[in-house]
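Hydrogens, waters and symmetry mates play no part in the numbers below; they use all other heavy atoms, side chains included. Residues: numbered from 1 along the sequence shown.
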Amino acid sequence: MVSPSPSSAVGGQTPGTARPAPRAGSATALVAVLAALTAVAPLATDMYVPGFPAMGDALGASSSSVQLTMTAFLAGLVAGQLLIGPVSDGLGRRRLLLAGSAGFALFSLVCAVAPNAEVLTAARFLQGVAGAAGMVLARAVLTDRFHGAELPRRFALLSQIMGVAPIAAPVLGGAVLAVSTWRAVFVVLAALGVLLLLAVGKAVPESLPPERRHSGGVKSTFRAMGGLLGRRVFMGYVLVVAFASAALFAYIGGSSFVFENLHGVSPTVYSLIFAANAVGMLIAGAVFAKLAGRVALNTLLTVGVGLVLLGALGQVLVVPVAGEVLAGTWAALFVTTAGIGLVFPSGMTIAQGLGRGAPGAASALVGGLQFLFGAAASPLVGLFGEHSSLPMGLIMLGAAGAAALSLVGLARPWQRHGEPEASAASGS
């Protein structure tokens, strides 16, 4: 079984497996397709949300049954990443990407023609499993193909998409619903799946040659995942990303209520606020990409976690200090999302570097726990009351605090002087 030690993966290469850097043109096309693969599952999560009422009427289903279709998709997304990631370390990436894209298109069509809520729920689960292939394998392919300071820059793009796609999805879904029904949303997703299938076939060659794959079959690949689960430092970084994702999903789940119901803004103004915070995340990602070649990734990660903590604490304090103030809430959430824009690329890059001996398994744990924690946090805001923005702030603060504890208690970056940082600022 190919399993280089962490220290042998310095700069993103293992002994005896040096590979030439991709040509500029091919690298650009590759990253563009990987970015699209990363975006499609988060888009599929929320694009149909504006059509929930009409969907319930058409299928004769209760609101809880309709909500279950989203839960099923998220469950499939988590399960798919945890399955497909480690399997790809033994079978390679390309075939699984092609199968996942085809499956996503097929199950999206099944969703579009579903006659009842039960069929839709089952199809959504399978759609999530198929869509997970693009997310988990995009990170693995980047780890296979890029090294040095180039890798965190590529991860910056994927992390920006991971943060912005769930925010943009309801807006895009609303645009589709303005001219058609909720079923058309799934037709659009099916078309995206077909386009991705064609794009993968053209622009994504196999990135894991046979000599670098895990031998010993599926059992061996899952044993590699078990080994990663037992590595304190690796899991520390994974949990930092997962808890930051929980803070983001708490914001996504609660912000519409906070801004529209408590602060009385219109849906249009809320969309602008949402977009402004998304721009803050994009700016943070761009800053990360600019600094990643010169500043240690652990430094950028620590700054990001600090910003998430600061923003979440500000949201908690603004209510007792100043009341429900729109400007205060908006500023606190902007700082939080900007911090997440630093945490995602830095945490993912470091975790993938530490798990470079089994990139698919590492990607599975990063992405699987990210969505698992996010899915758990999103509905909590509504459960703890609808008369204040404090519940949203407290959940975000709890998640941010857990991220900080994971960084300090498990990752302990200051102790890792002799261990590579995935792609250190020096690229060595």
So, the side chain of [X] versus the backbone of [Y]: is there a donor-acceptor pair under 3.5 Å, distance only?
X      : Y      : value
Ser180 : Leu177 : no
Arg231 : Gly227 : no
Thr143 : Arg139 : yes
Arg412 : Gly409 : yes
Ser101 : Leu98  : no

**Item:** Test salt bridge (charged side-chain N to carboxylate O under 4.0 Å, His left out) applied to Arg94 - qualifying residues, sequence neighbours left out
**Value:** none

With rounding to the nearest 0.5 Å, note down the distance linking [atom1] in [X] to [atom2] in [Y].
X      : Y      : atom1 : atom2 : result
Leu120 : Trp182 : CG    : CH2   : 5.5 Å
Thr299 : Leu291 : OG1   : CG    : 10.5 Å
Arg232 : Leu239 : CZ    : CG    : 12.5 Å
Ile350 : Tyr237 : CD1   : OH    : 4.5 Å
Leu142 : Leu158 : CG    : CG    : 5.0 Å
Ser363 : Gln352 : OG    : CD    : 4.5 Å

Ignoring hydrogens, what is the shortest heavy-atom contact between [X] and [Y]? Give both atom names and the distance.
X      : Y      : result
Val185 : Gly173 : CG2-O, 4.4 Å
Gly131 : Ala41  : O-CB, 4.0 Å
Leu410 : Gly236 : CB-CA, 3.5 Å

Residues two or more places apart in sequence or in another chain: which of them pass side chain to side chain donor-acceptor pair (under 3.5 Å) with [X]?
X      : result
Thr336 : none
Arg93  : Ser88, Asp89, Asp144
Thr38  : none
Gln127 : Ser108, Arg124

List the residues meeting side-chain contact (heavy atoms from CB on, under 4.5 Å) with [X], not counting sequence neighbours, and say none if there are none.
X      : answer
Leu394 : Val316, Leu390
Val187 : Ala112
Pro205 : Arg145
Val305 : Val240, Leu301, Val343, Ala404, Leu407

**Message:** So if I apply the side-chain contact (heavy atoms from CB on, under 4.5 Å) rule between Leu365 and each of Val136, Val241, Leu228, which one comes out positive?
**Reply:**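 When side-chain contact (heavy atoms from CB on, under 4.5 Å) is applied between Leu365 and each of Val136, Val241, Leu228, only Leu228 qualifies.
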
**Prompt:** So which of Val258, Ile273, Asn277 actually passes side-chain contact (heavy atoms from CB on, under 4.5 Å) with Leu333?
**Reply:**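 It is Asn277, the one option of Val258, Ile273, Asn277 that forms the side-chain contact (heavy atoms from CB on, under 4.5 Å) with Leu333.
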
Who are the ring pair (Phe, Tyr, Trp, His ring centres under 6.0 Å) partners of [X], not counting sequence neighbours?
X      : answer
Phe249 : Phe371
Phe107 : none
Tyr48  : Phe52, Phe186

**Message:** Testing the 3.5 Å rule here: is there a donor-acceptor pair between the side chains of Asn298 and Trp414?
**Reply:**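 Judged by distance alone, the side chains do not pair up.
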
**Request:** With the side chain counted from C-beta on, respond yes when Phe259 and Thr329 share a heavy-atom pair under 4.5 Å apart, and no when they do not.
**Result:** yes

**Request:** Given ring pair (Phe, Tyr, Trp, His ring centres under 6.0 Å), test Phe243 with Phe373 step by step and report yes or no.
**Result:** CA-CA 7 Å; Phe243 281 118; Phe373 282 39; 4.9 Å; yes

